Amino acid sequence: MRMQETAIECTNLVKSIRVNGQEEVLLRIEALRIMRGEQVVLTGPSGSGKTTLLQLISGMDLPTSGEVTLFNHALHSLSEAERDSIRGQRIGIVFQDFLLFPHFSAIDNVLVQRMAAGIPAGIAQQRAKDLLTRMNLGHRMHTKAGLLSRGEQQRVAIARAMLHEPELLLADEPTGNLDAQMGAEIVEQMRELCNATGQTLLMVTHDQHLAAQFPRRESMSRLQEAKTNALTAEAAL
């Protein structure tokens, strides 16, 4: 039986910035490991570092210290172009604010991902149609995004993130602009798509009701406390 492989591993992770000459720590995590195919939700209030963590995992930013390993690649050892390539080929990102082109149709917004991933036009077109149909948007795929409801826009954003069949889907507060019922439906559809393809899913949210849908739940406070407890124990020696 083949051992389950690691998708994400964060070790001794620190991200800080300088504000008025002082160092301000945005994120401090001792360890986080997510296996391929897992569906994990990470909870925490605004300002707790959830989005910062997703930026580090996706390679959009680099930590001040510590390591992020993605699919056995230590991101800090790669060039910016290499990180961009991994993100374009192997990661899908769902943003809270959708980031759609309002004057593009739903299907054209999904197809925006085609160029970054290098998918042939015919294959991308069929995948986009299939994804929108599975997201209950088959009848709306030629409607301009600006005329869609917020729930429909989020479905389009999820379809776009999954066009290139990424190994990892990162979702940053994907229901933050939706009502509770619509948010629950969106998360359920996203999880069903990932189940069907075996994709790894990491979603961050502040909504505990949505988090309850996931088989594995982590919290920023617990990850932060692990580091604090380790430092306390070391100081006591």
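This one's a predicted model, so the numbers in the text were calculated from it and none came from an experiment.
Nearest heavy-atom pair across L13 and E67 is CD1-O, 3.8 Å. Counting all heavy atoms, side chain and backbone alike, P174 lies closest to V204 at CD-O, 3.9 Å. Taking both residues in full, the closest heavy atoms of A161 and P166 are given as O-CG, 3.4 Å, listed atom of the first, atom of the second, then distance. Residues E165 and Q199 come closest through the heavy atom pair C-NE2, 3.7 Å. Nearest heavy-atom pair across L56 and L75 is O-CD1, 3.5 Å. Nearest heavy-atom pair across L131 and A159 is CD1-O, 3.4 Å.
Stacking of R191 on the aromatic ring of F214 is recorded, both the 6.0 Å distance cut-off and the 45° axial limit being met.
L170 and I186 are assigned to two separate hydrophobic clusters, defined by single-linkage of ILVMFWY side chains at heavy-atom distances under 4.5 Å. Hydrophobic clustering places F71 together with L202 (ILVMFWY residues linked when any side-chain heavy atoms are closer than 4.5 Å, directly or through intermediates). If you chain together hydrophobic residues whose side chains sit under 4.5 Å apart, V68 and V40 fall into the same group. At a threshold of 4.5 Å between side-chain heavy atoms, the hydrophobic network of Ile, Leu, Val, Met, Phe, Trp and Tyr places L201 and L223 in two separate groups. Following chains of ILVMFWY side-chain contacts shorter than 4.5 Å, one cannot reach L99 starting from V112, and the two form parts of different hydrophobic clusters.
Using a 4.5 Å cut-off on side-chain heavy atoms (C-beta onward), V156 and L137 make contact. By the 4.5 Å heavy-atom criterion applied to side chains, Q125 and L111 are counted as neighbours. At least one side-chain heavy atom of L27 sits under 4.5 Å from a side-chain heavy atom of M220. Inter-residue side-chain proximity for D97 and N177 is flagged as met; some heavy-atom pair is nearer than 4.5 Å. Contact of the M60 side chain with the L54 side chain is not registered, since no non-hydrogen atoms from C-beta on lie closer than 4.5 Å. Between R216 and E218 there is a side-chain heavy-atom pair separated by less than 4.5 Å. Under the 4.5 Å side-chain criterion, counting only non-hydrogen atoms from C-beta, T175 is not in contact with Q154. For the pair L163 and R114, the minimum side-chain heavy-atom distance is below 4.5 Å.
Residue L148 holds its CG atom at 9.5 Å from OG of S105, rounded to the nearest 0.5 Å. To the nearest 0.5 Å, the span separating OG1 on T197 from CD on E167 amounts to 10.5 Å. Residue R33 holds its CZ atom at 11.0 Å from SG of C10, rounded to the nearest 0.5 Å. Atom OG of residue S58 and atom CD1 of residue I86 lie 11.0 Å apart, to the nearest 0.5 angstrom. Annotation: the span from R217 atom CZ to M203 atom CE amounts to 11.5 Å, rounded to 0.5 Å. To the nearest 0.5 Å, atom NE2 of residue H76 and atom OG1 of residue T69 are 7.5 Å apart.
Side chain to side chain, Q153 and N109 fail the donor-acceptor criterion of an N or O pair below 3.5 Å. Checking H164 against Q89 by side-chain atom types alone, no donor-acceptor pair falls below 3.5 Å.
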Q. Is there a side chain to side chain contact (heavy atoms under 4.5 Å, CB included) between L70 and I57 once you walk through the steps?
A. CA-CA 7 Å; L70 193 65; I57 289 173; 4.2 Å; yes
Q.
Applying side chain to side chain donor-acceptor pair (under 3.5 Å) to N72 and E5, what does each step give before you reach the verdict?
A. CA-CA 9 Å; N72 296 318; E5 299 176 348; 5.8 Å; no
Q: Mind running side chain to side chain contact (heavy atoms under 4.5 Å, CB included) on L210 and V41 for me, showing each step along the way?
A: CA-CA 9 Å; L210 289 177; V41 64; over 6 Å; no
**Q.** Verdict with supporting geometry, L32 and L53, side chain to side chain contact (heavy atoms under 4.5 Å, CB included)
**A.** CA-CA 11 Å; L32 173 64; L53 179 59; 4.1 Å; yes
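Formation of a donor-acceptor pair under 3.5 Å by the T205 side chain with backbone atoms of E173 is not found in this model. Formation of a donor-acceptor pair under 3.5 Å by the K50 side chain with backbone atoms of L42 is not found in this model. Remark: side-chain polar atoms of S16 are not paired, donor with acceptor, to backbone N or O of E23 under 3.5 angstrom. Not a single donor-acceptor pair under 3.5 Å links the side chain of N12 to the backbone N or O of S65. At distances below 3.5 Å, not a single donor-acceptor pair connects side-chain atoms of S85 with backbone N or O atoms of A81.
Just one residue in the list M190, M182, R140, R134 forms a side-chain contact (heavy atoms from CB on, under 4.5 Å) with R155, and that residue is M182. Remark: of the listed residues Q55, R83, K15, K15 is the sole one forming a side chain to side chain donor-acceptor pair (under 3.5 Å) with D61.
At a threshold of 4.0 Å, the pair D130-R127 does not count as salt-bridged, since none of the basic side-chain nitrogens sits closer than that to a carboxylate oxygen.
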